[in-house]
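Report on the structure given below.
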Amino acid sequence: MQLVVARIGRAHGIKGEVTVEVRTDEPEVRLAPGAVLTTDPASAGPLTIETGRVHSGRLLLRFAGVRDRNAAEALRNVVLIADVDPDERPEEPDEYYDHQLVDLDVVLADGTEVGRITEVSHLPYQDLFVVERADGTEVLIPFVEEIVTEVDLGAQRAVIVPPPGLIDDRAVIATAREAEAGKTGADHGTAADETAADETAVDETAVDEGAAGEGARGDGSVRDTGDGDGAADGRAAGDGDDR
């Protein structure tokens, strides 16, 4: 099996060295002196690594037969490819090559299917599984022990225990929409209550005006009766809006 392990960058110095963009977790193995690598495009190789060293945080390689800056610059953007045994495993027991993880089924602890790994994305801060779900959508699963609890190459599956919202994000969105709808309904109810209060205030104003008119005639009993009718009107308006 062939795996991309690096891409050649610009020439460094005048003696044929080049910078490389490392694309392997094991550069000390894949890019060690003596390694023979095929290339893309194929016409640029194969290339045999003669020396390697780290300079200012970048890996510098020199290939057999490349002796000057012009020859090194001619290799710029060439992709380096290593032949790897498909059954080979990294030295660490909890590490895997990308080709071993791609196409694994992703399931929950209870066996519920989540999807299939289509790609392993290597970010500066962590690795992510790109998982395609049955409906064609994708979800990103951080490849960390707390979430990916088991990788079973024999069973061709990875078991995950996702935190809330990681794979059920659409349910979270739906819940948020329901909450917003409830808030809107509450706003309408508040407006209705305020309308009822306004109507009650109008009724009470009318009662007061009536009471004031009757008071001019000195009839206190009419004022008391008017107050009672106004209160009744206010309660009726409020009850109707609440229903």
Side-chain angles (χ1 to χ4, degrees), residues 1-106 115-133 136-144 148 151 153 156-158:
M1 176 176 288
Q2 294 187 320
L3 298 177
V4 173
V5 293
R7 183 180 67 86
I8 298 176
R10 58 187 175 81
H12 179 83
I14 61 173
K15 296 182 179 180
E17 285 186 312
V18 295
T19 62
V20 293
E21 176 188 323
V22 177
R23 297 186 180 180
T24 173
D25 291 334
E26 299 176 310
E28 69 283 356
V29 176
R30 306 298 178 200
L31 301 174
V36 179
L37 304 171
T38 56
T39 61
D40 182 14
S43 58
L47 294 174
T48 301
I49 298 177
E50 190 171 87
T51 64
R53 65 188 180 96
V54 176
H55 175 73
S56 298
R58 298 295 300 272
L59 179 61
L60 303 180
L61 298 179
R62 180 186 289 113
F63 300 101
V66 179
R67 297 302 177 195
D68 58 39
R69 186 178 182 86
N70 289 338
E73 191 63 34
L75 295 174
R76 190 166 187 171
N77 292 324
V78 168
V79 174
L80 301 176
I81 302 169
D83 289 317
V84 178
D85 184 341
D87 296 326
E88 182 180 339
R89 290 283 303 274
E91 295 181 0
E92 297 296 327
D94 59 346
E95 292 184 356
Y96 304 86
Y97 294 128
D98 288 4
H99 71 272
Q100 295 173 314
L101 299 170
V102 172
D103 283 336
L104 292 187
D105 293 325
V106 178
R116 178 181 61 88
I117 299 174
T118 59
E119 181 185 347
V120 181
S121 179
H122 300 283
L123 302 181
Y125 52 90
Q126 68 180 179
D127 296 331
L128 296 172
F129 290 163
V130 180
V131 178
E132 181 179 345
R133 296 191 262 201
T137 60
E138 291 183 341
V139 61
L140 301 179
I141 307 294
F143 188 19
V144 295
V148 182
V151 174
L153 296 181
Q156 285 292 286
R157 71 174 193 171

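Index from 1, following the sequence. Quick caveat, the model's predicted, so the values are computed rather than measured. Values below: all heavy atoms of this structure, side chains included; hydrogens, waters and symmetry mates excluded.
With rounding to the nearest 0.5 Å, the separation of NE2 in His55 from OG1 in Thr19 is 10.5 Å. Glu95 CD to Asp127 CG: the interatomic distance, rounded to the nearest 0.5 Å, is 9.5 Å. Rounding to the nearest 0.5 angstrom, the gap separating the CD1 atom in Ile49 from the CG atom in Leu61 is 5.0 Å. Of the inter-residue distances, the one linking Asp40 atom CG with Asn77 atom CG reads 11.0 Å to the nearest 0.5 angstrom. Here CG of Asp83 is found 10.0 Å from CZ of Arg30. Values are rounded to the nearest 0.5 Å. Put simply, CD on Gln156 and CG on Leu101 are 9.5 Å apart, with the number rounded to the nearest 0.5 Å.
By the ring pair (Phe, Tyr, Trp, His ring centres under 6.0 Å) test, Phe63 pairs with no residue at all, sequence neighbours left out. Scored by the ring pair (Phe, Tyr, Trp, His ring centres under 6.0 Å) test, His122 finds no partners at all (sequence neighbours excluded).
Looking only at side-chain heavy atoms (C-beta outward), Leu104 and Phe129 stay at 4.5 Å or farther from each other. Ile81 has its side chain out of reach of Leu37: every pair of non-hydrogen atoms, C-beta onward, lies at least 4.5 Å apart. Looking only at side-chain heavy atoms (C-beta outward), Leu140 and Val130 come within less than 4.5 Å of each other. Here the side chains of Val151 and Gln100 are not in contact, with every heavy-atom distance at 4.5 Å or above. Taking the side chain as every heavy atom from C-beta outward, Leu153 and Tyr96 approach each other to under 4.5 Å. The shortest distance between side-chain heavy atoms of Glu17 and Arg53 falls below 4.5 Å. Contact annotation: the side chain of Leu80 approaches that of Thr39 to within less than 4.5 Å [non-hydrogen atoms, C-beta and beyond].
Closest approach of Asp103 to Arg116, counting heavy atoms only: OD1-NH1, 2.6 Å. Across all their heavy atoms, Gly34 and Thr48 have their closest contact at O-CG2, 4.2 Å. Nearest heavy-atom pair across Pro142 and Leu128 is CA-CD2, 3.5 Å. Scanning all heavy atoms of the two residues, the minimum distance from Ala72 to Gly16 falls at CB-O, 3.6 Å.
Looking only at distances, a side-chain donor or acceptor of Arg69 sits under 3.5 Å from a matching main-chain atom of Gly13.
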Worksheet entry | Steps toward salt bridge (Lys or Arg N to Asp or Glu O under 4.0 Å) verdict (Arg67, Glu50) | CA-CA 11 Å; Arg67 297 302 177 195; Glu50 190 171 87; 2.8 Å; yes
Practice prompt. Please test Val18 against Leu60 for side-chain contact (heavy atoms from CB on, under 4.5 Å), starting from the C-alpha separation and ending with a verdict.
Written response: CA-CA 5 Å; Val18 295; Leu60 303 180; over 6 Å; no
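A donor atom on one side chain and an acceptor atom on the other are found under 3.5 Å apart for Arg62 and Thr51.
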